Amino acid sequence: QVQFVESGGGLVQPGGSLRLSCAASGSISSIYVMGWFRQAPGKQRELVALVTSSSGTNYAGSVKGRFTISRDNAKNTVYLQMNSLKPEDTAVYYCNDRDNWLSGSGSWGQGTQVTVSS
């Protein structure tokens with residue numbers, strides 16, 4: 001079972017940028033679709049972005065044009081570049097195998113906190 005450790009979060013002003021990293025404990029080459037997810041206070045965890053093994057991407061409408069997801073299979077790492085951040089982006093951000101999200105299985109890391117505030 002691959003474990004994921006998220007990092008790179010922090011406090012940023014509206015309009016600012018952050019780059020999140022997701023380090024996997026094992027190979028992600030065999031994981032077809034990796035994703036970033038987020039959970040705001042009082043809300044359920046939601047999909048943010050997806051990236052396939054061949055680097056195809058999909059984004060939630062709320063982040064499209066502002067966020068970029070990417071993966072480096074050789075480094076077993078997934079990234080989320082976040083630009084033009086808004087207060088509503090404030091949440092704990094997690095990464096995982098998309099299939100774990102869909103099935104409700106697998107383990108989740110501690111996530112990394114992103115706070116957008118002036």
Side-chain angles (χ1 to χ4, degrees):
Q1 186 71 38
V2 177
Q3 305 293 314
F4 303 100
V5 179
E6 302 89 349
S7 63
L11 175 64
V12 64
Q13 294 185 10
S17 298
L18 285 172
R19 183 174 176 84
L20 307 184
S21 296
C22 169
S25 64
S27 176
I28 64 169
S29 297
S30 62
I31 301 177
Y32 179 41
V33 183
M34 286 290 300
W36 280 97
F37 310 85
R38 67 187 182 188
Q39 186 168 24
K43 303 287 187 179
Q44 291 192 304
R45 189 155 45 210
E46 65 177 355
L47 171 69
V48 175
L50 299 172
V51 59
T52 71
S53 59
S54 57
S55 297
T57 58
N58 272 300
Y59 300 91
S62 59
V63 308
K64 188 174 296 184
R66 300 188 296 119
F67 291 11
T68 302
I69 187 172
S70 61
R71 64 192 289 170
D72 187 334
N73 291 336
K75 295 182 178 179
N76 295 322
T77 303
V78 184
Y79 305 96
L80 185 68
Q81 178 67 48
M82 306 185 296
N83 299 324
S84 302
L85 283 161
K86 304 175 180 179
E88 51 262 45
D89 295 319
T90 296
V92 179
Y93 284 70
Y94 304 87
C95 64
N96 215 325
D97 183 339
R98 181 199 59 179
D99 290 347
N100 289 338
W101 165 255
L102 293 175
S103 67
S105 64
S107 62
W108 294 79
Q110 66 179 7
T112 186
Q113 175 72 51
V114 172
T115 303
V116 185
S117 176
S118 59

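Note that the structure is predicted; figures quoted are calculated from it, not measured.
- Ser30 pairs by the side chain to side chain donor-acceptor pair (under 3.5 Å) definition with nothing, not counting sequence neighbours.
- Taking both residues in full, the closest heavy atoms of Thr90 and Ala40 are given as O-CB, 3.7 Å, listed atom of the first, atom of the second, then distance.
- Here the OH-OG distance, from Tyr32 to Ser54, works out to 6.0 Å after rounding to the nearest 0.5 Å.
- Ile28 and Val5 are assigned to two separate hydrophobic clusters, defined by single-linkage of ILVMFWY side chains at heavy-atom distances under 4.5 Å.
- Ser118 pairs by the side chain to side chain donor-acceptor pair (under 3.5 Å) definition with nothing, not counting sequence neighbours.
- Within the 4.5 Å cutoff, no side-chain heavy atoms of Glu6 are placed close to those of Leu20.
- Sorted by first and then second residue, the pairs that involve residues 82-118 and meet disulfide bond (SG atoms under 2.5 Å apart), not counting sequence neighbours, are Cys22-Cys95.
- Side-chain atoms of Val63 and Arg38, non-hydrogen and from C-beta on, do get closer than 4.5 Å to each other.
- Between Thr112 and Gly8, the shortest heavy-atom contact is OG1-N, 3.9 Å.
- Looking at heavy atoms from C-beta onward, Tyr59 lies out of side-chain contact with Arg66 at the 4.5 angstrom threshold.
- The heavy-atom pair separating Thr77 from Lys75 by the smallest distance is OG1-O, 2.9 Å.
- Note: Phe37 and Trp108 meet the aromatic proximity criterion, with ring centroids under 6.0 Å apart.
- Not a single side chain to side chain donor-acceptor pair (under 3.5 Å) links Ser84 to another residue, sequence neighbours left out.
- Side chains of Gln3 and Ser107: a donor-acceptor N/O pair is present below 3.5 angstrom, by distance only.
- Looking at residues two or more places apart in sequence or on another chain, you find no ring pair (Phe, Tyr, Trp, His ring centres under 6.0 Å) involving Tyr93.
- Between Asp89 and Phe67 the shortest side-chain heavy-atom distance falls below 4.5 Å.
- Judged by distance alone, with hydrogens and angles left aside, the side-chain atoms of Ser105 form no donor-acceptor pair with the main-chain N or O of Ser103 at under 3.5 Å.
- Side-chain atoms of Met34 and Asn73, non-hydrogen and from C-beta on, never get closer than 4.5 Å to each other.
- Contact check for Ser53 versus Ile31: no side-chain heavy atoms found under the 4.5 Å cut-off.
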- Can Leu85 and Leu18 be said to form a side chain to side chain contact (heavy atoms under 4.5 Å, CB included), step by step? CA-CA 8 Å; Leu85 283 161; Leu18 285 172; 4.2 Å; yes

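- Between the side chain of Tyr79 and the main chain of Thr68, no donor-acceptor pair closer than 3.5 Å is present.
- Judged by distance alone, the side chain of Arg71 and the main-chain N or O of Val51 form a donor-acceptor pair under 3.5 Å.
- More than 12 heavy atoms of other residues, nucleotides or ligands sit less than 6.0 Å from atom CD of Glu46.
- By the side chain to side chain donor-acceptor pair (under 3.5 Å) test, Ser7 pairs with no residue at all, sequence neighbours left out.
- Ala91 and Gln113 make their closest contact through O-NE2, 3.4 Å (heavy atoms, listed as atom of the first residue, atom of the second, distance).
- Linking Ile, Leu, Val, Met, Phe, Trp and Tyr whenever their side-chain heavy atoms come within less than 4.5 Å puts Leu47 and Val33 in one cluster.
- When every heavy atom of Trp36 is checked against every heavy atom of Leu80, the shortest pair comes out as NE1-CB, 3.5 Å.
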